[in-house]
Amino acid sequence: MPTLNINGQDTLVDADPATPLLWALRDTLGLSGTKFGCGAGLCGACTVHVNGVAVRSCTAPLSSVAGKKITTVEAVAADKVGQAVQDAWVAHDVAQCGYCQSGQIMSATALLKTNRKPSDADIDAAMAGNICRCGTYARVRSAIKAAASTLT
């Protein structure tokens, strides 16, 4: 049973070390903000931060994240970058159905933690693989730029 640091708390997870992080978060720990989309790391709905890097949790076995800091969408607003992203998401009315948005927010936050003035190309690269079936990509870009402008 691996011990994981999730949202700042060490948590013993009663699951096989080969279990994908996504299922430990959702099924074992009840953190349902991280979504299942494709199960192959292609859609981005399951994105979390592992040591500050955006990671697809559906393909990350628990054994690969033990001893690392994991942040989920439930705690992303605990710092000013995550809060700025969430505020911009609301202000720009990004979500339609909302299913992909936790992954989008996690990817956008990871980008702005390393690049406070992203270009359109930087945003495209950071958000690549985050699929929104509702097509809110223009609002996602606007929200990222708005969040960035509050951080400089």
Side-chain angles (χ1 to χ4, degrees), residues 1-90 94-116 118-119 121-137 139-141 143-144 147-148 151:
M1 291 192 299
T3 298
L4 304 179
N5 184 291
I6 300 172
N7 299 331
Q9 292 191 310
D10 285 335
T11 306
L12 185 63
V13 179
D14 187 13
D16 185 291
T19 301
L21 175 58
L22 171 66
W23 299 119
L25 293 172
R26 291 184 59 79
D27 295 347
T28 305
L29 302 173
L31 296 171
S32 60
T34 305
K35 304 299 183 200
F36 173 77
C38 67
L42 303 172
C43 74
C46 68
T47 303
V48 298
H49 295 170
V50 177
N51 287 346
V53 176
V55 170
R56 305 300 198 240
S57 65
C58 71
T59 59
L62 295 179
S63 61
S64 74
V65 297
K68 298 177 181 174
K69 294 178 76 173
I70 301 161
T71 304
T72 68
V73 71
E74 287 88 353
V76 75
D79 73 22
K80 68 180 184 176
V81 177
Q83 186 63 60
V85 170
Q86 285 190 342
D87 291 346
W89 244 246
V90 172
V94 174
Q96 280 190 4
C97 82
Y99 196 82
C100 68
Q101 295 308 305
S102 60
Q104 300 270 6
I105 287 168
M106 297 304 288
S107 292
T109 301
L111 166 65
L112 293 179
K113 283 186 179 226
T114 60
N115 182 351
R116 299 285 172 98
S119 66
D122 295 331
I123 293 170
D124 290 347
M127 302 306 289
N130 282 276
I131 297 171
C132 176
R133 290 187 173 142
C134 300
T136 65
Y137 300 111
R139 286 185 276 179
V140 165
R141 177 175 286 160
I144 291 170
L151 297 169

Colleague: Of the non-hydrogen atoms in Val140 and Met127, which two are nearest, and what is the gap between them?
Modeller: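 In this case the closest contact between Val140 and Met127 is CG1-CE, 3.9 Å.
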
Colleague: Can you tell me if Arg56 and Thr47 form a side-chain donor-acceptor pair at under 3.5 Å?
Modeller: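 Per modelled atom types, Arg56 and Thr47 side chains form a pair under 3.5 Å.
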
Colleague: Hey, are the side chains of Leu151 and Val81 touching, using non-hydrogen atoms and a 4.5 Å cut-off?
Modeller: yes

Colleague: Is the closest side-chain heavy-atom distance between Ile144 and Pro118 below 4.5 Å?
Modeller: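 Yes, close enough: below the 4.5 Å cut-off.
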
Colleague: To the nearest 0.5 Å, tell me how far Arg139 CZ sits from Trp89 CH2.
Modeller: 11.0 Å

Colleague: Under a 4.5 Å cut-off applied to non-hydrogen side-chain atoms, are Cys132 and Gln104 in contact?
Modeller: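 In short, these two side chains touch, coming nearer than 4.5 Å.
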
Colleague: Is there a donor-acceptor contact under 3.5 Å from the side chain of Ser57 to the main chain of Cys46?
Modeller: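 Pair found, side chain donor or acceptor close to backbone of Cys46.
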
Colleague: Taking all atoms of both residues into account, what is the closest heavy-atom pair of Glu74 and Thr72, and its distance?
Modeller: OE1-OG1, 2.6 Å

Colleague: Please report the interatomic distance NZ(Lys113) to NE2(His49), rounded to the nearest 0.5 Å.
Modeller: 6.5 Å

Colleague: Is the backbone of Ala60 close enough, under 3.5 Å, to the side chain of Ser64 for a donor and an acceptor to pair up by distance?
Modeller: no

Colleague: Kindly compute the distance separating OH (Tyr137) from CG (Asn130), expressed to the nearest 0.5 Å.
Modeller: 8.0 Å

Colleague: Main chain of Ala77, side chain of Lys80: is a donor-acceptor contact present, judged purely on distance under 3.5 Å?
Modeller: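 No.
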
Colleague: Is there a donor-acceptor pair closer than 3.5 Å between any side-chain N or O of Thr109 and the backbone N or O of Ile105?
Modeller: yes

Colleague: We want to know whether Asp122 and Ser119 form a side-chain donor-acceptor pair, criterion being a heavy-atom distance below 3.5 angstrom.
Modeller: yes

Colleague: For Ala40 versus Thr59, what's the shortest heavy-atom pair and its separation?
Modeller: C-CG2, 3.6 Å

Colleague: If we check side-chain contact (heavy atoms from CB on, under 4.5 Å) with Leu4, which of these qualifies: Leu12, Val50, Leu21?
Modeller: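 The single option meeting the side-chain contact (heavy atoms from CB on, under 4.5 Å) with Leu4 is Leu21.
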
Colleague: Is there a donor-acceptor pair closer than 3.5 Å between any side-chain N or O of Asn51 and the backbone N or O of Lys68?
Modeller: no

Colleague: Taking atom NZ of Lys35 and atom CG of Leu22, what is their separation to the nearest 0.5 Å?
Modeller: 10.0 Å

Colleague: How long is the span from the CD1 atom in Ile70 to the CD1 atom in Ile6, to the nearest 0.5 Å?
Modeller: 5.0 Å

Colleague: Quick one: do the Asp87 and Gln83 side chains pair a donor with an acceptor below 3.5 Å?
Modeller: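 Judged by distance alone, the side chains do pair up.
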
Colleague: Do Thr136 and Gln101 touch side chain to side chain, with heavy atoms closer than 4.5 Å?
Modeller: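 Yes; the side chains approach each other to less than 4.5 Å.
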
Colleague: Where do Ala147 and Ala84 come nearest, in terms of heavy atoms and distance?
Modeller: CB-O, 3.6 Å

Colleague: Less than 4.5 Å apart, side chain to side chain, heavy atoms only: is that true for Val13 and Leu29?
Modeller: yes

Colleague: Given 3.5 Å as the limit, does a donor-acceptor pair link the side chain of Arg26 with the main chain of Ser32, or not?
Modeller: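 Checking the backbone N and O of Ser32 against the side chain of Arg26, a donor-acceptor pair under 3.5 Å is found.
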
Colleague: Atom CZ of Phe36 and atom CG of Asp27: how far apart are they, to the nearest 0.5 Å?
Modeller: 11.0 Å

Colleague: Is it true that the side chains of Thr11 and Asn5 contain a donor and an acceptor less than 3.5 Å apart?
Modeller: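 Distance-only check fails for Thr11 and Asn5.
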
Colleague: Is a side-chain donor or acceptor of Thr28 paired with a backbone partner of Leu25 at a separation under 3.5 angstrom?
Modeller: no

